[in-house]
Chemist: 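Okay, handing you the structure first.
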Amino acid sequence: MRTELKTPAARGSGRIPVTLVTGFLGSGKTTLINAALRAPQMARTVVVVNEFGEVGLDHQLFASSSDSVVVLENGCLCCTVRSDLVGTLNALFHDREAGRIPAFENVVIESSGLAEPGAVLQAFLSEPTLDGLYRVASVVTLVDAVNWRDTSERHDEALRQVAFADQILLTKLDLAKRANAEALVRRDIADLNPGAEIGIVDWTPGPIAAMLTAPGFDAADAKADPRPWLRLTGDDKHNADGHGADDHAHHDHDHSDHHEPHYHLRGKGIESFVLLRENPLSRDELQFLLDGISQNLGPSLLRVKGLVNIAEEPGQPAVIQGAQHLLHTMTWLEKWPDDDRRTRIVFITQGIAGEELREMIDLLDRVSQRTFKARERGSRLRQSSPGGRN
């Protein structure tokens, strides 16, 4: 997870927002998009799907069709991803600029039920040309409340879809036989991804379209507010692990309750962790910490996002975000959103025990602090010794 830590610089925040819609087979993605396409808010939106033949968008909405682009009656577009996603999105953008297709202001990507969001997120993080044109506004995951228990036990893809989500919508609650079905599914999901917003799907076209076209958090916008994106609550201000005030890590899971129904998820290995630091980090210290985490976690690391207090840039917090082994080049906000200026980095992992994860990140954090404090002391001693100054 190597990233170049650049100095604050203006980056264009006019990139086209992209909403990624995920969810296991039968969770309702197609129904959701069909409903959204009936709303006028979607008139300037492109919908990209993995496999047109399996998606089943309402054909009454289509006015014409070709191998790559479908123009809808309400002005929307739907292109089938028969080529590389990056090439498809680049082509769409340039066709838009050349006036060959109607102008669009948003993109919705509907993944197949067995797909994991990580590969799509990586495309936006790793491709400079794509990153210059588009940005991921949100990952929306649909969860079938009736079949969630069986799906989560049998298919790790469903768990990772939840782990990558910014927003999770519960579907089919009206068909659930258990009176407390919603509470049970919510507890499962919160155990997997405590930072996600959980709600119940509203099939009304207007609200769905508004959700799919919401601008989300734009890390390239120096004036953006990262707090809803990070979704850290006031509880994070407490030193939950008993470390010193200058550095500590907070584990977001509560493993004290081993009662059903969410105990079955413990064996799946999805863990979340929040690293909190009171003192600013130097650029080198942050690089050391991130490289150490990447080397130790490897493929176990699913998603990272955070707000970092960099010593060399006081007053301007840095935003980091990553998917699996890729970390996006840091961007910078104009100012802190409130008086809380601690570094806060959220990790979601799979395949590593929660206590082991906590100990590993805490150790790496402590080693990075001690290493660079010792380096600073050595530098000061060399400068203060006779002949030490040039």
Side-chain angles (χ1 to χ4, degrees), residues 13-24 27-30 32-33 35-37 39 41-42 44-50 76 85 89 104-112 115-125 130-131 133-143 160-171 189-190 192-221 224-232 272 302-307 319-324 326 328 331 333 337 346 348:
S13 60
R15 296 173 298 165
I16 298 173
V18 177
T19 298
L20 176 60
V21 180
T22 74
F24 201 70
S27 60
K29 300 186 301 299
T30 299
L32 185 85
I33 294 176
L37 290 174
Q41 297 99 308
M42 295 286 286
R44 299 173 70 84
T45 298
V46 168
V47 178
V48 178
V49 300
N50 280 1
C76 302
L85 175 65
L89 290 175
F104 61 90
E105 298 175 352
N106 300 278
V107 174
V108 174
I109 299 177
E110 190 272 341
S111 67
S112 70
E116 298 176 17
V120 176
L121 292 176
Q122 282 184 332
F124 287 94
L125 296 176
L130 195 61
D131 178 50
L133 305 178
Y134 300 91
R135 62 180 178 84
V136 177
S138 182
V139 179
V140 178
T141 298
L142 274 63
V143 171
R160 288 191 283 269
Q161 288 168 357
V162 168
F164 275 102
D166 298 305
Q167 186 172 355
I168 297 169
L169 298 177
L170 305 183
T171 65
I189 291 172
L192 293 170
N193 186 350
E197 179 183 354
I198 306 172
I200 301 174
V201 68
D202 178 354
W203 298 111
T204 307
I208 296 175
M211 175 191 65
L212 295 182
T213 58
F217 172 66
D218 184 359
D221 182 358
D225 186 350
R227 290 173 294 185
W229 176 66
L230 281 174
R231 292 190 61 80
L232 294 181
S272 64
L302 296 183
R303 195 172 186 189
V304 177
K305 54 183 178 179
L307 198 63
V319 176
I320 61 173
Q321 54 182 321
Q324 297 174 333
L326 292 177
H328 195 277
T331 54
L333 299 181
V346 181
I348 297 181

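Each residue takes its place number in the sequence, starting with 1.
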Chemist: Could you tell me which non-hydrogen atom of P205 sits nearest to which non-hydrogen atom of A39, and how far apart they are?
Modeler: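 Shortest heavy-atom separation between P205 and A39 comes out as O-CB, 3.6 Å.
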
Chemist: From L212 CG over to T45 OG1, what is the distance, rounded to the nearest 0.5 angstrom?
Modeler: 8.0 Å

Chemist: Which heavy atom of W203 sits nearest a heavy atom of A35, and at what distance?
Modeler: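 Heavy atoms only, the tightest pair is O-CB, 3.8 Å.
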
Chemist: Contact between F164 and L20 at the side-chain level, heavy atoms closer than 4.5 Å - yes or no?
Modeler: no

Chemist: Which heavy atom of I16 sits nearest a heavy atom of E105, and at what distance?
Modeler: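 Nearest pair, atom of I16 first, then E105: CG2-O, 3.5 Å.
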
Chemist: To the closest 0.5 Å, what do you measure between CG (D218) and CG (D225)?
Modeler: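 The CG atom of D225 is 12.5 Å from CG of D218, to the nearest 0.5 Å.
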
Chemist: Checking the side chain of N193 only, and the main-chain atoms of V162 only, is there a donor and an acceptor separated by less than 3.5 Å?
Modeler: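 Yes: the side chain of N193 pairs with the backbone of V162.
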
Chemist: Taking 4.0 angstrom as the limit, do R135 and D221 come out as a salt bridge?
Modeler: no

Chemist: Rounded at 0.5 Å granularity, tell me how far CZ in R227 sits from CZ in F217.
Modeler: 11.5 Å

Chemist: Would you say the side-chain atoms of T171 pair up with the backbone N or O of V143, donor to acceptor, closer than 3.5 Å?
Modeler: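 Judged by distance alone, yes, a pair lies under 3.5 Å.
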
Chemist: Would you mind reporting whether L307 and L230 have side-chain heavy atoms less than 4.5 Å apart?
Modeler: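 Result yes, sub-4.5 Å side-chain heavy-atom pair found.
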
Chemist: Taking all atoms of both residues into account, what is the closest heavy-atom pair of I168 and A196, and its distance?
Modeler: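 Looking at all heavy atoms of both residues, the closest pair is CD1-CB, 3.8 Å.
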
Chemist: Knowing that exactly one of I320, D166, I348 qualifies, which makes a side chain to side chain contact (heavy atoms under 4.5 Å, CB included) with K305?
Modeler: D166

Chemist: Just by modelled atom types, is the Q161 backbone N or O under 3.5 Å from a matching donor or acceptor in the T141 side chain?
Modeler: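 Confirmed, T141 side chain pairs with Q161 backbone.
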
Chemist: For V47 and M42, which heavy atoms make the closest approach, and how far apart are they?
Modeler: CG2-CE, 4.3 Å

Chemist: For the residue pair T19 and N106, establish whether any side-chain heavy-atom pair is separated by less than 4.5 Å.
Modeler: no

Chemist: Looking only at heavy atoms, which two atoms of A219 and L333 are closest? And how far apart?
Modeler: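 Shortest heavy-atom separation between A219 and L333 comes out as O-CD2, 4.5 Å.
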
Chemist: Is L169 close to M211 at the side-chain level, that is, under 4.5 Å between some pair of heavy atoms?
Modeler: yes

Chemist: Are the side chain of Y134 and the backbone of V18 linked by a donor-acceptor contact shorter than 3.5 Å?
Modeler: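 Not a single qualifying donor-acceptor pair exists.
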
Chemist: For a 4.5 angstrom cut-off between non-hydrogen side-chain atoms, does L89 reach F124?
Modeler: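 In short, these two side chains touch, coming nearer than 4.5 Å.
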
Chemist: Say you draw a straight line from CG of L302 to CG of L121; how long is it, rounded to the nearest 0.5 Å?
Modeler: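 The CG atom of L121 is 11.0 Å from CG of L302, to the nearest 0.5 Å.
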
